[in-house]
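All figures in this text were calculated on a predicted structure; none of them were measured in a lab.
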Amino acid sequence: MASRLGVVVLILAALLGSATAQAGDGYGEYKAAAPGMAPEGAPTSTPVPPTQTPPPPAPRLRFGFYRSSCPPAEYFVREVVAKAIRNNPGIGAGLIRMAFHDCFVQARPLTTLAYSGCDGSVLLDATPANPRPEKLGPPNFPSLRGFEVIDAAKALLEKFCPGVVSCADVVQFAARDAAFFLSGYRVSYRLPAGRFDGRVSLENETLAFLPPPSFNLTQLVDSFRVKGLDVDDFVVLSGSHSIGRSHCSSFSDSISTPPSDMDPGLATVLRGQCPANPNFTNDPTVVQDIVTPNRLDNQYYKNVLNHKVLFNSDAALLTSSQTTSKVVENAVIRGRWERKFARAMVKMSLIEIKNAGNGEIRKNCRVVN
């Protein structure tokens, strides 16, 4: 059975590889940042507290990590994601956002070295022992979606390869595949794997680490820098706002309190779609990209230049010459943003990776083993 599945996967991989060039070729192994230490290239001004035992070495992620242990792993995830996006492209946007929200949140209990990061902690449900996990934090609830896609992919993997593929890897594979389909196959990249799942998930960490749409440029750049991501990564990853929907409450200040940098015509349209004072029971959603709402592309940067974006954090890209020039490049140079987005997604997926000493391979992505 395994050999037949392996042949299927190799054939499908060859077909997919011929469709579009893959980012990241030439790298056989990635060393993730150790828990308690900054990712490579990040500031090192926050050392591990001296009263704690130093963390074990970080794992080395590899391309084709499941080639022997679960050959169809990446194919299974891609097929589940493809089916979900055919039914609802918005789910794909949710999966990309989920990868970002999983990687950026970092839990630091004083008595352990249970750091979060790209560890599937955003998937954990509430329990009596932990009634307020990440998924119930304001940046995630009720807007974050795609959990059922991760569940479906994990169930299939557990059926064929029980206890092998981590939920953390499934989240990153699903985001990669969602970007592939939503971009019309233009965003394509290989993804190193071998992540372990975390056991800690705290609601209050979402507000501490996920940058809100109200942040100014300095705050946004700083929030990315502490994760080992530079200004270019920030500008490139902001392009994910070219797909998906947003709740009116996330940008209501831009349309209700003039003067605003937003295009007046767009502001008028949004005022017709949003209540004057959105709240938890009356907070509809609108598309983030009014030109190509169901496509992941560089239209976002054209919208930024035309002041047709929703968030203050989007408009902030034009408040410095450095970020403005990057916006222009991504808007006008064919194919540049897609290539950079692929590289930035790989780089983001390496944030604060767990290992066997402080992680596990969950059987069910919603609960710890």
Check whether any side-chain N or O of [X] sits under 3.5 Å from a backbone N or O of [Y] as a donor-acceptor pair, and report yes or no.
X    : Y    : answer
D197 : C167 : yes
D102 : A168 : no
K154 : V170 : no
Q172 : D169 : no
N140 : G137 : no
N130 : S201 : yes
S246 : L310 : no
S242 : D297 : yes
K135 : S121 : no
N369 : I361 : yes

When rounded to the nearest 0.5 angstrom, what distance separates [atom1] in [X] from [atom2] in [Y]?
X    : Y    : atom1 : atom2 : result
L156 : Y75  : CG    : OH    : 9.5 Å
F251 : L266 : CZ    : CG    : 8.0 Å
C274 : I255 : SG    : CD1   : 4.5 Å
K326 : D233 : NZ    : CG    : 9.0 Å
E329 : K340 : CD    : NZ    : 5.5 Å
F100 : S240 : CZ    : OG    : 7.5 Å

Are [X] and [Y] connected in the hydrophobic side-chain network, where two residues link if heavy atoms are under 4.5 Å apart?
X    : Y    : answer
F160 : L157 : yes
M348 : F215 : yes
L124 : L144 : no
L210 : L136 : no
Y185 : V77  : yes

Going by side chain to side chain contact (heavy atoms under 4.5 Å, CB included), name the residues that satisfy it together with N88, two or more places apart in sequence or in a different chain.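 For N88 the side chain to side chain contact (heavy atoms under 4.5 Å, CB included) partners, ignoring immediate neighbours, are I91, R145.
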
How close do [X] and [Y] get, counting heavy atoms only, and between which atoms?
X    : Y    : result
A331 : N298 : O-ND2, 3.1 Å
D261 : A315 : OD2-CB, 3.8 Å
R362 : V367 : CD-O, 3.1 Å
E134 : H101 : OE1-O, 4.3 Å
T206 : V105 : CA-CG2, 4.0 Å
L350 : C118 : N-SG, 4.3 Å

Between [X] and [Y], is any side-chain donor less than 3.5 angstrom from a side-chain acceptor?
X    : Y    : result
S349 : R195 : yes
S320 : T323 : yes
S254 : N312 : yes

With side-chain hydrogen bond (donor to acceptor under 3.5 Å, both in side chains) as the test, would you mind laying out the steps for Y300 and N330 before giving the verdict? CA-CA 9 Å; Y300 165 79; N330 290 326; over 6 Å; no

Could you tell me if the side chain of [Y] sits less than 4.5 Å from the side chain of [X], heavy atoms only?
X    : Y    : result
V122 : M98  : yes
I85  : L182 : yes
M345 : I96  : yes
P138 : L207 : yes
L296 : W337 : yes
S250 : F311 : yes
P192 : V346 : yes
H307 : L318 : yes

Worked verdict on F76 versus F173 for side chain to side chain contact (heavy atoms under 4.5 Å, CB included): CA-CA 10 Å; F76 281 169; F173 287 150; over 6 Å; no

Verify the ring-centre separation between F341 and Y189: is it less than 6.0 angstrom?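 Centroid distance Y189-F341: not below 6.0 Å, so no.
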
Tell me, with the steps shown, if D119 and F196 meet side chain to side chain contact (heavy atoms under 4.5 Å, CB included). CA-CA 6 Å; D119 67 348; F196 283 79; over 6 Å; no

Decide side chain to side chain contact (heavy atoms under 4.5 Å, CB included) for R366 and D151; before the verdict, give the C-alpha distance in whole Å, the side-chain angles of both, and the deciding distance to 0.1 Å. CA-CA 8 Å; R366 293 177 178 265; D151 291 339; 2.8 Å; yes

Tell me whether [X] is salt-bridged to [Y], with the criterion being a basic N under 4.0 Å from an acidic carboxylate O.
X    : Y    : result
D232 : K347 : no
E360 : R199 : yes
D230 : R225 : no

Give the intermediate values and the outcome of salt bridge (Lys or Arg N to Asp or Glu O under 4.0 Å) for residues R78 and E74. CA-CA 6 Å; R78 178 161 289 199; E74 295 190 44; over 6 Å; no

Could you pull out every donor-acceptor pair under 3.5 Å between side chains of residues 282-289 and any protein atom, sequence neighbours left out?
residue : atom : partner : partner atom : Å
D283    : OD1  : C248    : N            : 3.1
D283    : OD1  : S249    : N            : 2.9
D283    : OD2  : S249    : OG           : 2.6
T285    : OG1  : R245    : NE           : 2.8
Q288    : NE2  : H241    : O            : 3.4
Q288    : NE2  : I243    : O            : 2.9
D289    : OD1  : V291    : N            : 2.9
D289    : OD1  : T292    : N            : 3.2
D289    : OD1  : N303    : ND2          : 2.8
D289    : OD2  : T292    : OG1          : 2.9

May I ask you to check whether over 12 heavy atoms, not counting those of N277, lie within 6.0 Å of atom CG?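 No, CG of N277 has 12 or fewer neighbouring heavy atoms, counting only those of other groups under 6.0 Å.
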
